Amino acid sequence: MISNKALAEQFEQFAKILELKNELSFKISAYQRAAEAIRSQGESLEEIYKRGGIKELQKIEGIGESISQKIEEYIKTGKIKELERLKNKIPKAELEFMEIPGVGPKTAKKLFEKLKAKNINELKEKLKKQGLKFFKEKTQANILRGIEIKSHLSGRMLLADAKPYVDSIIAYLNKSNLMERVTAVGSFRRFKETVGDIDLVATSSVPARAIKYFVEYPEFTKIITSGETKSTVIHSSGIQVDLEILPENEFGSLLQHFTGSKEHNIALRTYAQEHGFSISEHGIKEKSGKLILCPKEEDVYKTLKMDYIEPELREDRGEIEAALKHQLPKLVELKDVQGDLHMHSNWSDGSNSIEEMAQKAKELKYKYIAISDHTVSLAVAGGLDAKGFLKREKELKRVNQKFTSLKILNSCEVNIKPDGTLDLPEESLRRFDIVTASVHSSFNQSKEMMTKRLIRAIENPNVDIIGHPSGRIINRREGYQVDWPEIFKACVANKVALEINAFPDRLDLVDSLVQEAKKFGVKFVICTDAHNVSQMDNMIYGISVARRGWAEAKDVLSTRPFPELQTWFKKR
DNA sequence: GCCGTTTTCGGCCCGACTGTTTTCAGTCG
Ligand SMILES: Nc1nc2c(ncn2[C@H]2C[C@H](O)[C@@H](COP(=O)(O)OP(=O)(O)OP(=O)(O)O)O2)c(=O)[nH]1
Ligand SMILES: [Mg+2]
Ligand SMILES: [Mg+2]
Ligand SMILES: [Zn+2]
């Protein structure tokens with residue numbers, strides 16, 4: 001079984017090698033675009049290939065004859081001969097040198113050919129000793145600085161982890177009075193699950209002074225560039241921060257440009273081009289050369305006769321076509337949420353009491369919450385057995401009497417055993433108001449077994465929700481192998497909802513699969529899986545996953561009032 | 001390499017910053 005990630009990496013490698021071979025830039029872009037298309041595909045490419053072969057693969061934008069054949073080869077043999085051949089011809093060191101910030105294919109090649117270094121460590125020494133023979137002083141210093149910076153870079157950061165840094169930097173910038181409209185953009189504004197850097201925009205009538213103030217932020221350890229309108233720095237946490245500043249009347253264009261995604265921008269600009277416009281962060285140029293200014297972001301889309309596209313949709317996944325046809329979804333919002341159906345109390349591994357969780361829910365103006373403590377076989381998490389849950393019922397009854405406008409539901413997060421049965425007896429399961437079933441063991445089952453296992457759970461009439469359906473943990477663990485279309489069909493047939501788990505390192509179901517599932521008519525619940533009261537505030541991260549998956553309020557059951565929710569889950 | 005209600009050939013998003021190339025290449029967003 002081949003992951004889309006592994007497949008995407010093959011084509012990223014292709015692109016890198018083609019760069020070193022000084023191939024046509026458009027050919028390189030084609031490989032990069034294909035890699036990105038594969039990476040952002042919800043369904044597994046292998047599954048798509050099995051369903052419809054090469055032809056089906058070619059329906060994906062950016063994948064044509066040559067690349068689809070390579071995908072087929074990779075699925076069948078586990079490697080791409082052409083890539084292996086190229087890899088053997090290109091010095092490994094050149095590929096490694098390209099990872100240094102500021103070093104591209106041209107410099108990497110020159111470094112290898114002139115200095116004959118085999119790796120970055122060796123390069124550092126040789127560059128210091130004899131670099132000036134081949135490079136001017138500033139260039140030598142810049143490459144050495146790039147090596148230094150590379151060792152401090154942190155890699156992609158969880159969206160939620162970036163938030164406090166973003167807030168602090170914005171607060172600092174707002175103190176200055178040198179700029180206005182300071183806004184976080186890029187992947188952060190699109191609520192992508194991880195961010196590669198922090199991108200900011202602002203307006204100013206004195207941009208040079210504003211940039212100077214920006215780079216003086218005490219937490220910035222390195223300044224990479226600092227120009228008249230743009231600057232790039234490295235934060236002490238190892239994350240890069242980019243800022244662009246333009247005049248007030250260009251703000252809409254700037255916001256649009258820097259929010260991205262790159263793929264969305266290219267698609268938008270290509271469409272504009274075909275209709276006689278040229279888009280940049282400064283405005284929209286007509287053929288005549290006249291510049292249409294866009295003070296507001298909506299102006300950019302309006303000029304192209306498109307509906308406004310929410311940032312979460314800007315991934316070139318069909319949003320431009322939909323905006324032209326006025327068929328964009330009305331995305332679910334945080335304020336639509338009526339309750340949270342997955343949380344743990346101190347009856348299992350949570351750290352707050354049921355009453356404390358309920359109090360927090362009341363503050364959030366929820367109409368219902370489900371206390372879904374773990375079940376017995378998850379011993380490490382203090383899972384309850386049937387007896388334990390019976391005892392807990394008394395406490396639930398007591399707390400429920402204290403809250404008039406909040407229903408506290410008797411629930412559990414029951415383990416799905418390797419064979420698809422649940423680890424609580426039938427008579428115990430029947431007592432719950434709502435049951436979430438999750439996989440917490442034997443993650444490495446084959447795709448066939450895992451799919452069967454999940455479907456057996458879905459077909460169990462006691463089950464209402466499948467919790468964190470893929471089991472992935474961001475930056476730590478890939479999701480287990482599942483035949484998703486089969487799961488989606490089973491959910492619809494059995495009236496079982498899929499959870500969108502809002503825990504910042506889960507965000508599971510992943511956004512691209514939400515979009516797929518929605519096409520099958522699957523319903524979702526967005527839940528925090530909170531283990532204490534403050535984690536109940538993570539709801540926003542689940543909402544953003546749903547939005548990135550094009551979900552509307554009607555797709556999300558936990559936006560409905562309790563009686564409707566109850567009716568929906570009532571089995572046939 | 002990909003793609004096509006003007007095309008199966010000939011285009012492919014657009015601009016800023018840096019260094020040293022006096023007019024631009026390399027790298028990046
Ligand atoms: N038109 C255009 N815009 C770009 C290009 N590269 C980047 N941008 C814009 C859109 C991006 O969202 C924005 C910020 O660039 P980043 O490299 O930080 O990407 P982004 O934040 O989307 O993802 P990230 O999480 O940082 O990897 O700048 C490009 O090649 N063309
Ligand atoms: Mg970014
Ligand atoms: Mg950036
Ligand atoms: Zn849980």
Side-chain angles (χ1 to χ4, degrees), chain A residues 11 14-37 57-71 82 97-111 135-143 145-146 149 185-188 195-201 207-208 211 215 223-233 240-246 250 253-254 256-285 291 300 304 316 320 324:
Chain A
F11 293 107
F14 249 116
K16 288 241 163 65
I17 292 173
L18 295 180
E19 280 189 281
L20 286 166
K21 283 168 56 72
N22 201 16
E23 280 278 357
L24 204 66
S25 70
F26 301 111
K27 186 167 166 179
I28 297 161
S29 303
Y31 275 96
Q32 285 165 344
R33 186 171 173 225
E36 193 52 45
L57 291 174
Q58 290 182 6
K59 284 187 187 158
I60 299 170
E61 199 85 347
I63 295 179
E65 201 175 312
S66 163
I67 289 182
S68 62
Q69 274 170 16
K70 292 184 173 73
I71 295 173
E82 172 84 3
F97 297 165
M98 279 175 71
E99 289 170 15
I100 302 166
V103 174
K106 299 289 187 296
T107 315
K109 246 179 122 62
K110 188 171 172 191
L111 283 170
F135 300 92
K136 295 264 162 75
E137 221 163 308
K138 276 188 176 167
T139 305
Q140 179 203 35
N142 277 340
I143 299 167
R145 200 178 52 140
I149 287 168
V185 288
S187 48
F188 185 88
V195 297
D197 65 358
I198 292 170
D199 301 296
L200 302 166
V201 294
I211 296 275
V215 301
I223 301 169
I224 295 186
T225 64
S226 164
E228 281 163 28
T229 64
K230 285 170 98 164
S231 172
T232 294
V233 299
Q240 178 177 314
V241 183
D242 293 329
L243 171 68
E244 181 159 5
I245 301 178
L246 288 178
E250 299 180 9
S253 284
L254 175 61
Q256 194 289 315
H257 160 74
F258 225 171
T259 295
S261 64
K262 177 182 171 184
E263 291 72 25
H264 173 83
N265 285 356
I266 291 177
L268 192 75
R269 287 167 180 215
T270 303
Y271 175 85
Q273 201 184 38
E274 289 162 0
H275 291 78
F277 297 107
S278 170
I279 299 186
S280 79
E281 62 262 58
H282 299 289
I284 305 182
K285 261 200 212 109
L291 187 71
V300 178
L304 299 170
D316 193 23
I320 287 175
L324 283 165

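Each chain gets a letter, A, B and so on, in the order its sequence line appears, and its residues count up from 1. Only a predicted model underlies this, so the values are computations on that prediction, with no experimental measurement involved.
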Inset, instruction - Please confirm whether the backbone N or O of Asp242(A) pairs with a side-chain atom of Asp199(A), one donor and one acceptor, at under 3.5 Å? - result: no

Legend entry - ring-ring contact (aromatic ring centres under 6.0 Å, His included) partners for Tyr271(A), two or more places apart: His275(A)

Legend entry - Rounded distance in Å between the C1' positions of dT8(B) and dC12(B): 16 Å

Polar atom pairs (N or O), protein with nucleotides 22-27 of chain B, under 3.5 Å:
from	atom 1	to	atom 2	distance (Å)
dT27(B)	OP1	Gly104(A)	N	2.8
dT27(B)	OP1	Gly104(A)	O	3.2
dT27(B)	OP1	Lys106(A)	N	3.4
dT27(B)	OP1	Thr107(A)	N	3.0
dT27(B)	OP1	Thr107(A)	OG1	2.8
dT27(B)	OP2	Lys106(A)	N	3.4
dT27(B)	O5'	Gly104(A)	N	3.4

Inset, instruction - Quote, to the nearest angstrom, the C1' distance that separates dG29(B) from dC13(B). - result: 12 Å

Inset, instruction - Determine the interatomic distance between C1' on dT7(B) and the same-named atom on dC3(B); round to the nearest Å. - result: 10 Å

Legend entry - Whole angstrom value for the distance that separates C1' of dG1(B) from CG of Leu57(A): 16 Å

Inset, instruction - For Asn265(A) and dC28(B), give me the distance from atom CG to atom C1', rounded to whole Å. - result: 15 Å

Inset, instruction - May I ask you to say what Ser226(A) touches in the nucleic acid, namely base, sugar-phosphate or nothing, with a heavy-atom cut-off under 4.0 Å? - result: sugar-phosphate

Atom pairs and distances, side-chain donor-acceptor, residues 57-64 of chain A, under 3.5 Å, sequence neighbours left out:
from	atom 1	to	atom 2	distance (Å)
Gln58(A)	NE2	Ser68(A)	OG	2.9
Lys59(A)	NZ	Glu56(A)	OE1	3.2

Inset, instruction - Look at the side chain of Ser280(A) and decide which nucleotide, out of dG1(B), dT20(B), dG15(B), has an atom nearest to it. - result: dG15(B)

Inset, instruction - Starting from P on dC13(B), measure out to CD on Gln32(A) and report it in whole angstrom. - result: 12 Å

Inset, instruction - Verify the contact: side-chain N or O of His264(A) to OP1 or OP2 of dC13(B), cut-off strictly under 4.0 Å; return yes or no. - result: no

Inset, instruction - Please answer whether the main-chain N or O of Ile245(A) pairs with a side-chain N or O of Thr229(A) as donor and acceptor at a distance below 3.5 Å. - result: no

Legend entry - Sugar-phosphate only, base, or nothing, as touched by Ser29(A) at under 4.0 Å among non-hydrogen atoms: nothing

Legend entry - Which nucleotide in dG29(B), dC17(B), dC2(B) has an atom nearest any side-chain atom of Glu228(A): dC17(B)

Inset, instruction - Output yes when at least one side-chain N/O atom of Thr139(A) is less than 4.0 Å from OP1 or OP2 of dT20(B), else no. - result: yes

Collect all protein-nucleotide pairs involving nucleotides 3-12 of chain B in which both atoms are nitrogen or oxygen and the distance is under 3.5 Å.
from	atom 1	to	atom 2	distance (Å)
dC3(B)	OP1	Gly62(A)	N	2.7

Inset, instruction - Scan Lys109(A) against the nucleic acid and name what it touches under 4.0 Å (heavy atoms): base, sugar-phosphate only, or nothing. - result: nothing

Legend entry - Which residues share a ring-ring contact (aromatic ring centres under 6.0 Å, His included) with Tyr31(A), sequence neighbours left out: Phe14(A)

Inset, instruction - Would you give the length of the straight line joining atom OG of Ser261(A) to atom CD1 of Ile266(A), rounded to the nearest 0.5 angstrom? - result: 8.5 Å

Legend entry - G-U wobble or Watson-Crick pairing nucleotide for dT8(B) (cut-off 3.5 Å, both distances): none

Legend entry - Nearest-angstrom distance from the residue atom CD of Glu244(A) to C1' of dC14(B): 11 Å

Inset, instruction - Quickly work out the Glu263(A) CD to dC13(B) P distance and round it to whole Å. - result: 12 Å

Inset, instruction - Would you indicate which nucleotide in dG29(B), dT18(B), dT20(B) comes nearest to any side-chain atom of Asn142(A)? - result: dT18(B)

Legend entry - Distance, rounded to the nearest Å, where Glu250(A) contributes CD and dA16(B) contributes C1': 13 Å

Legend entry - Residue pair Glu19(A) / Lys109(A), side-chain heavy-atom distance below 4.5 Å: no

Inset, instruction - Could you tell me whether the phosphate oxygens of dC17(B), OP1 or OP2, come under 4.0 Å of any side-chain nitrogen or oxygen in Thr229(A)? - result: yes

Inset, instruction - Provide the distance between the two C1' atoms, one in dG26(B) and one in dT20(B), to the nearest whole Å. - result: 12 Å

Inset, instruction - With the side chain counted from C-beta on, respond yes when Asn22(A) and Lys106(A) share a heavy-atom pair under 4.5 Å apart, and no when they do not. - result: yes

Legend entry - Student check: side-chain heavy atoms of Lys262(A) and Arg33(A) closer than 4.5 Å: no

Inset, instruction - Give me the one residue out of Leu200(A), Thr259(A), Ile198(A) that meets side-chain contact (heavy atoms from CB on, under 4.5 Å) with Val185(A). - result: Thr259(A)

Legend entry - Earlier contact from the 5' end, DNA chain B, for Lys230(A) and Ala30(A): Ala30(A)

Legend entry - Separation of atom CD1 in Ile28(A) from atom P in dG1(B), rounded to whole Å: 12 Å

Inset, instruction - Would you please name every residue forming a side-chain hydrogen bond (donor to acceptor under 3.5 Å, both in side chains) with Ser66(A), sequence neighbours left out? - result: Lys70(A)

Inset, instruction - Using only side-chain N and O atoms of Thr225(A), determine if any of them is under 4.0 Å from OP1 or OP2 of dA16(B). - result: no

Inset, instruction - For dT18(B) and dT23(B), measure between their C1' atoms and round to the nearest Å. - result: 15 Å

Inset, instruction - Write down the distance between CG (Leu243(A)) and P (dA16(B)), rounded to a whole number of angstrom. - result: 15 Å

